[in-house]
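Comments concern the structure below.
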There are 2 protein chains.
Amino acid sequence: MIETERWLELLEEKGGRITGPRKAIVELMVKADHALSPVDVFDQARSKYPKMGLVTVYRTLEILSELGLVERVHQQDGCHMYLRAANGHEHLLICSRCGKAAYFSGDDLSVLIDRISSESGFVIQSHWLQLQGICQKCQPKKFQTPIE
Amino acid sequence: MIETERWLELLEEKGGRITGPRKAIVELMVKADHALSPVDVFDQARSKYPKMGLVTVYRTLEILSELGLVERVHQQDGCHMYLRAANGHEHLLICSRCGKAAYFSGDDLSVLIDRISSESGFVIQSHWLQLQGICQKCQPKKFQTPIE
DNA sequence: AATGATAATGAAAAACATTTTCAATAAGGA
DNA sequence: TCCTTATTGAAAATGTTTTTCATTATCATT
Ligand SMILES: [Mn+2]
Ligand SMILES: [Mn+2]
Ligand SMILES: [Zn+2]
Ligand SMILES: [Zn+2]
């Protein structure tokens with residue numbers, strides 16, 4: 001995948017070296033469709049790079065997060081999970097059964113934000129929006145909307 | 001404050017005993033206008049009840065949270081913080097300088113949610129919305145909107 | 001291709017955060 | 001007041017993240 005190359009190039013531009021452990025972690029994070037904990041990353045990455053240390057996972061997630069390639073996701077259960085970062089202004093939609101994560105965009109909260117701002121006196125800088133639900137695969141048949 | 005009484009009554013109805021440590025924690029959580037970490041609660045509660053143990057703080061926050069009186073708040077820094085729970089459908093507005101937290105209501109995301117739901121195939125169950133900004137007290141003079 | 005400076009790694013230890021265990025204490029019904 | 005037992009806090013156990021440090025591997029320079 002070309003996205004992997006892009007991440008590694010950015011890493012390199014920043015002055016970092018491209019190493020086996022880093023490649024394994026990047027490859028995995030680029031294609032992850034679930035938020036992963038450091039231990040999840042560790043377990044998965046070891047199949048590509050068996051010597052992988054958990055410390056390296058922490059360090060690499062930190063770097064990828066500084067580069068804006070990965071971001072922390074909060075969930076009711078684990079809340080130090082990492083996922084490929086949003087492209088521009090996107091928010092997350094997460095399946096509460098299987099954890100599948102998808103970004104969406106096109107929210108317009110400006111009216112709400114203006115109102116809250118003037119009611120509260122706060123200068124609002126950013127917002128955090130996250131939807132929880134059940135993805136198509138996890139829905140029992142009876143709840144599935146027929147495609148028409 | 002009568003709200004403190006209400007919390008203690010609910011605790012009692014649930015079969016719990018009213019104790020010194022619990023009173024100290026409830027009093028403090030009822031009036032907190034910042035999300036507090038277990039250690040914050042511990043430190044503050046010790047001034048009312050010096051023998052307080054940190055374990056009791058963890059246990060009491062757990063109980064208050066089961067009773068729906070307190071809820072966990074996620075922030076970029078500490079994300080195991082606790083705050084008085086919302087009344088009905090409210091969301092948080094948090095000052096990124098001093099941590100002051102305020103609830104607001106009246107968000108209507110139904111149009112957005114319907115759209116995302118049909119685009120993604122997810123059945124959406126709930127949403128998290130949180131605004132970050134600078135509260136009035138923390139705003140430099142030049143940014144303050146004059147009251148007219 | 002070989003060399004060398006040094007960034008990156010992983011094992012181990014340390015630091016933190018949270019949960020469990022357990023004997024002592026205290027709440028509150030009888 | 002007495003008795004049952006929920007609650008407490010100290011200490012230990014567990015789990016997570018960070019630090020330390022000697023070794024290894026990357027890659028710019030020969
Ligand atoms: Mn948005
Ligand atoms: Mn969180
Ligand atoms: Zn799912
Ligand atoms: Zn403030």
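Computed from a predicted model, the values in this text were never measured in an experiment. Quick note on labels: first sequence line is chain A, next is B, and so on, each numbered from 1.
For B:T56, taking side-chain heavy atoms from C-beta onward, the closest of the listed nucleotides D:dA25, D:dT19, D:dG9 is D:dG9. The side chain of B:R59 approaches D:dG9 more closely than any other nucleotide in the set D:dG9, D:dT17, C:dG10. Nearest to the side chain of A:M52, among C:dA26, C:dG10, C:dT18, sits C:dG10.
You'll find the ring centres of A:H74 and B:W128 outside the 6.0 Å limit.
Spacing between atom CG of B:L54 and atom P of C:dA17 amounts to 10 Å, rounded to whole angstrom units. Distance, A:D43 CG to D:dG15 P: 14 Å, rounded to whole Å. Here the P atom of nucleotide D:dT26 and the CG atom of A:L8 are 13 Å apart, to the nearest Å. Per the geometry, CZ belonging to A:R72 stands 15 Å off P belonging to D:dT16, to the nearest Å. The distance between atom CD of A:E9 and atom P of D:dC27, rounded to the nearest whole Å, is 13 Å. The distance from atom CD of A:E12 to atom C1' of D:dA25 is 15 Å, rounded to the nearest whole Å. For the pair B:K51 NZ and C:dT25 P, the computed distance is 9 Å after rounding to whole Å. When rounded to the nearest whole Å, the span between NZ of B:K23 and P of C:dA26 equals 14 Å.
For the OP1/OP2 pair of C:dA17 and a distance below 4.0 Å, the side-chain nitrogens and oxygens of B:H80 include no atom meeting the criterion. Residue A:R17 places no side-chain N or O under 4.0 Å from the OP1 or OP2 atom of C:dT6. Side-chain nitrogen and oxygen atoms of B:T19 include none within less than 4.0 Å of the OP1 or OP2 phosphate oxygen of C:dA27.
Counting any heavy atom pair closer than 4.0 Å across all strands shown, B:G20 reaches no nucleic acid atom. No engagement by B:F42 is indicated, since no non-hydrogen atom pair under 4.0 Å with the nucleic acid exists. Within 4.0 Å of B:R22, counting heavy atoms only, lie sugar-phosphate atoms of the nucleic acid but no base atom.
The shortest distance between side-chain heavy atoms of B:R115 and B:V111 does not fall below 4.5 Å.
Side chains of A:E27 and A:T4: a donor-acceptor N/O pair is absent below 3.5 angstrom, by distance only.
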Exercise. Could you walk me through whether B:D40 and B:H34 pass side-chain hydrogen bond (donor to acceptor under 3.5 Å, both in side chains), step by step?
Key: CA-CA 10 Å; B:D40 294 337; B:H34 280 56; over 6 Å; no

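Taking the six-membered ring for Trp and thresholds of 30 and 60 degrees, A:H127 and A:H89 have ring planes inclined between 30 and 60 degrees apart.
Taking the nucleotide of DNA chain C with the nearest heavy atom to each of A:T60 and B:V39, the more 5' of the two is matched to A:T60. Comparing B:Y58 and A:I63 by the nucleotide of DNA chain C whose heavy atom lies nearest to each, the residue mapping closer to the 5' end is A:I63.
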